[in-house]
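Encoded as C-alpha cells, the structure appears first; notes follow it.
Any value given below was found using the heavy atoms of this structure, including those in side chains, with hydrogens, waters and symmetry copies removed. Below, chain A is the first sequence line, B the second, and so on; all start at residue 1.
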Amino acid sequence: MVNSKIIGAVEIGTSKVVVLIGEIVNGKTLNIVGMGVSSSRGVKKSEIIDFNAASDCTHATIMAAEESAGVRVDAVYLAQSGRHLDTFFNDAEVTVKSSENIVHRSDIRRLLAEAKSKLLPEDRAIIHHIRNGFQLDGQPVDNPEHLEGHKLGIGYWNIHGSVKKMSDSIHIINGFGLQVEDLIVSCLASGKMVTTDEEQKCGVLVIDIGGGSTDYVLFKNGYVVYSGVIAVGGDHITNDLSIGLRTNAKLAEMLKVKNGKASLEPKSKNDKVMLIGDLTIGDRSISRASVCQIINARLDELFKLIRGDKHIAPFFSKRELASVVLTGGTSKLKEIEKLGEKVFGLPVTRGENPSWVASDLAGPEYSTTLGLLYFGFSYKDESRFSEQRKRTKFIKGVKQLLGF
Amino acid sequence: MPRKKKSLLPKTSWKRIPQKAGKQAITRESKIVKMRRLLRFTAISLGTGSTVLGLSLLGYYFINTPKTPATNTTAASFVHLEIQTDGVLPAPWIEFRMALEENLGLMQIDMSGVKAILETYPQIKAASVERKFPKTLCVRVQERFPVFRMKVKEASGESVVLLVDEEGFVFKNIRYPDRLINRLPYLAGVDLHRTVDGYVPIQGVACLAELFHVARTNFPDLAREWRVVYADQLIMAKSFTKGYIRVRSRGVKEILFSPKNFEKQLEKLQYILDSHGGPSVSYITRVNLSLLDQPTVEFANNFHPDTYH
C-alpha cells in the first residue's frame, strides 16, 4: 500500500514568496509536485510589517501551488529569517554515573537535558538546538553509548528568535487553515542544499543573500558552528542604485538584474548601458562603471560585515575554512564570486542545487525552499516534544476528511 | 476543576506558540479555502446522513416485510395445476400432498422433490411432474390397483385391512370405496414382513392375481363367490409354476387350482358347479382342479341330492 504525505515548504521573503509542494511516498521518496511563486508584499528585511498584505500574497501563492499540484497540503515547513534571530552556544558536561565508567543511555539523556536547559527571556523561543557532537574525556566521539570515560560533554548551537515575529509568520500560515509543522532558519535550509557533507566537514561558509536580509551559516566538522543574519540584501542594492542613479526602484531593479556586476573589469570602464533599453521617454544611458561601483560598494560592505563577525573571524585567520558558497537570488549578480574572493581571501563559488532538482528549480533563489522540503522529508517525528502530533492517526484522518 | 495537562514541550521551544489554523479567514484565498471546506463538510455530512438514513430505511423495510421467496421476482407464478390419475385419488388430495408454496414460479418448482413426495405414498405406484409453458404444471399419477385384501393385526392389537396389488405390493387403502374393497377376496397363507415405511412385497401374488383376473373376466359368477385365496401351497412349493392355489368360496370350502392354464380349470369348475346347482352350491366341500384332466370333487358327508333340489 502506498502511504504518501503531502508537505509544503513556504518561504515568505522580502522580494518574493515561494511555495513548493512535495509528496513523500512511503517515507522514502520525495517528489516535488507543485510550485507557486509571487512577489511579496508587507515584508521588510524578512520581517512582517503588514500582516494582511503578507497574508494575501502568501495565501495566493499557497493556493496556486496547491492548484498546480492538485493536492492539499498536510503540513507546512516554514522558513524563518530576519534580524530578530540570534544564536548562542551552550555546552554541558556530566560525570559518567556507572562505577565501570561505561556511558549508558541515562547518562546521555541527562547530558542532553542539561545542555538544553538554558532559560531564555519570555519573548524569545528556540528554533533549533543544533548538536555539535559529543566529547568523552575531551575527545570527540560520534556516539558515546557503551564507551568508557569519566566526563561526557556536548555542545549545542541554539538559534532563537522573537516570539512575536515568529507568531506573525506562523499565523499567516494558520490563516490559510494550515498548521506549521516546523520552523527552519533559512540559511540552514539553503546551506544543506548547496553544500555537500564533505564541504561541511572541511569547513564552509554559506551566505544566502536574499532581498531584505543576508543569512549566513558556518559549517565545520560536519556541524553548524555559527549562523547569523544581517538585515542587508538585494533590495538595498536596488535602493542604492535608485538613489545613486536618480531613478525609480523598478528601473533600478531591472538595471541591477540586466547590467549589474559586483566588480568592474578595467576593459568595460567606459561602457554605457541604457536605463530602460527601448528608447522611450525617460530612457537614458548610464555609465556601467557607476552601476558596478554602487553594487560593489554595497556588497563589499556586506561581505566585510560577515567577515568581521567576531564569531566567524577566527576561522578566517586560522585558515579553517575551505570555501565560501553564495546562494540566494542576489548571488546571481555577475562577478560576485570575484568580489567575494577578494574580501574573504578564499575560493568563493555560487551555490548549485543538487542535480536531482528539476531545471526550473535549479536557481539559487529556490535553495531555501528546497532545503525546507529536504528537512520535511528527513524530519523525525519526536512526538514527545509535540502535543499536536499526539493525536492519533485516526482522528487526523477524520479531521482531514471533514476538511478541518 | 479540570486539572491542567502538563506539557512535554521544552519551555523555550517555538512550538509553544499557539496555532489557530482556520479560526479566522482574512484573505480572499483563505475565505475560498474555508468555504470549500465548509461545502465539503456539508456535502460529506449530508452524504453520510443520507447513507445512514437510507441504510436504516432499508433495514426497517427488510425487517418489517414478510419474507417471500426470491423466486417471485425471477419467474412468473404458474396459474394452472393439471392433475391426472388413473385411480381413485382425488386431485385436491394430490395437490395438498404436493405441498407447493403459493405464488411459486414455474421454473422454481422442485419437480423431483414433488415426485418424491407423491411416491412416498404406497398407493401411488409412480408420479410424473411436467412443466407446460407458459403457466401449467402437469402432474400424472399412476396408482396401484388392489387385487386382494389382507387383514392384519397392528402392534397396537387393532385389526386393519391392507390391500395387495398384482405385484404383491401391500398398501393401506386411500379412498378406494368400501363396495369395491368388500368384493376383493382375502389373501391368506403368506408371511408379511414390515419395513421402515411399509411391508415387503409378497412373492408369487402375480400368479394368484392372474387366476383372479381370468376368473373375474371370464367367469364373473364364480369369482364373485370367492372369499379367501391361499398362497401357502404355492409358496411351499418354492416355485410359482408348481404347487397349487387354494381358494375358498362362499359355497365350496376348498377349490384347488394348478398354477397353469387357469381358463381351462375355471371352465371345468364352472361345469362342475353348474351341474350341481350353481356357484353357491353348498354340498360340495372340495374341488381339486390341480390334477388338470382329472378333477376330483368331494361332497359333504350329509349330502343328499334331493335335499338340495
Side-chain angles (χ1 to χ4, degrees), chain A residues 51-64 66 72 76 78 80 113 116-122 124-129 158-161 163-164 166-183 382-390 401-404, chain B residues 1-68 70 73:
Chain A
F51 187 82
N52 289 352
S55 294
D56 274 341
C57 57
T58 307
H59 294 176
T61 317
I62 296 174
M63 188 176 247
E66 281 189 336
R72 277 193 60 218
V76 165
L78 181 62
Q80 198 62 45
K116 288 178 181 175
S117 63
K118 177 83 176 171
L119 290 175
L120 291 174
E122 280 279 303
R124 306 292 297 176
I126 294 281
I127 302 171
H128 295 292
H129 286 289
N158 301 286
I159 304 177
H160 58 100
V163 171
K164 281 181 189 171
M166 286 189 286
S167 299
D168 289 343
S169 41
I170 287 170
H171 290 156
I172 286 178
I173 302 300
N174 289 168
F176 195 70
L178 292 171
Q179 296 269 340
V180 175
E181 190 81 2
D182 207 354
L183 279 182
E382 295 173 42
S383 56
R384 67 197 178 95
F385 293 130
S386 172
E387 283 178 343
Q388 293 152 1
R389 286 173 213 127
K390 278 187 166 182
L401 183 75
L402 296 176
F404 287 100
Chain B
M1 229 176 105
R3 190 182 288 177
K4 216 175 180 182
K5 245 185 173 178
K6 198 182 172 186
S7 171
L8 293 168
L9 283 170
K11 282 177 185 173
T12 51
S13 171
W14 73 268
K15 284 169 185 167
R16 284 194 166 270
I17 297 170
Q19 294 199 43
K20 293 166 184 172
K23 292 283 179 196
Q24 55 176 142
I26 53 163
T27 62
R28 188 179 144 269
E29 288 77 17
S30 58
K31 281 172 188 164
I32 291 170
V33 169
K34 204 169 181 180
M35 186 58 72
R36 276 184 195 166
R37 283 176 188 165
L38 190 69
L39 286 172
R40 194 175 166 194
F41 174 74
T42 313
I44 290 172
S45 304
L46 284 173
T48 312
S50 47
T51 307
V52 169
L53 188 70
L55 288 174
S56 309
L57 286 173
L58 205 65
Y60 178 81
Y61 171 79
F62 273 115
I63 289 165
N64 291 288
T65 306
K67 280 181 185 170
T68 52
T73 56

Point-to-point distance, once rounded to the nearest 0.5 Å, from [atom1] of [X] to [atom2] of [Y]:
X      : Y      : atom1 : atom2 : result
B/E29  : A/C57  : CD    : SG    : 9.5 Å
A/R72  : B/R40  : CZ    : CZ    : 5.5 Å
A/H160 : B/S13  : NE2   : OG    : 13.5 Å
B/I17  : A/L183 : CD1   : CG    : 6.5 Å
B/R16  : A/M166 : CZ    : CE    : 13.0 Å
B/K15  : A/D182 : NZ    : CG    : 4.5 Å

>> I need the minimum non-hydrogen distance between B/S30 and A/H59, along with the two atoms involved.
In response: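 Answer, listing the atom of B/S30 first, then A/H59: CB-ND1, 3.7 Å.
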>> Testing the basics here: between B/T27 and A/N52, what is the closest heavy-atom pair and its distance to 0.1 Å?
In response: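 Looks like CG2-O, 4.3 Å.
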> Under the side chain to side chain donor-acceptor pair (under 3.5 Å) test, which residues partner A/N158, sequence neighbours left out?
Replying inline: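 Residues passing side chain to side chain donor-acceptor pair (under 3.5 Å) with A/N158: A/H129.
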>> Test your reading of the model: is there a side-chain donor-acceptor pair from B/Q19 to the backbone of A/I170, 3.5 Å cut-off?
In response: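 Here the side-chain-to-backbone pair does not exist.
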> Contact part of A/L120 toward chain B, heavy-atom cut-off under 4.5 Å: side chain, backbone, both or neither?
Replying inline: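 Both parts, heavy atoms under 4.5 Å.
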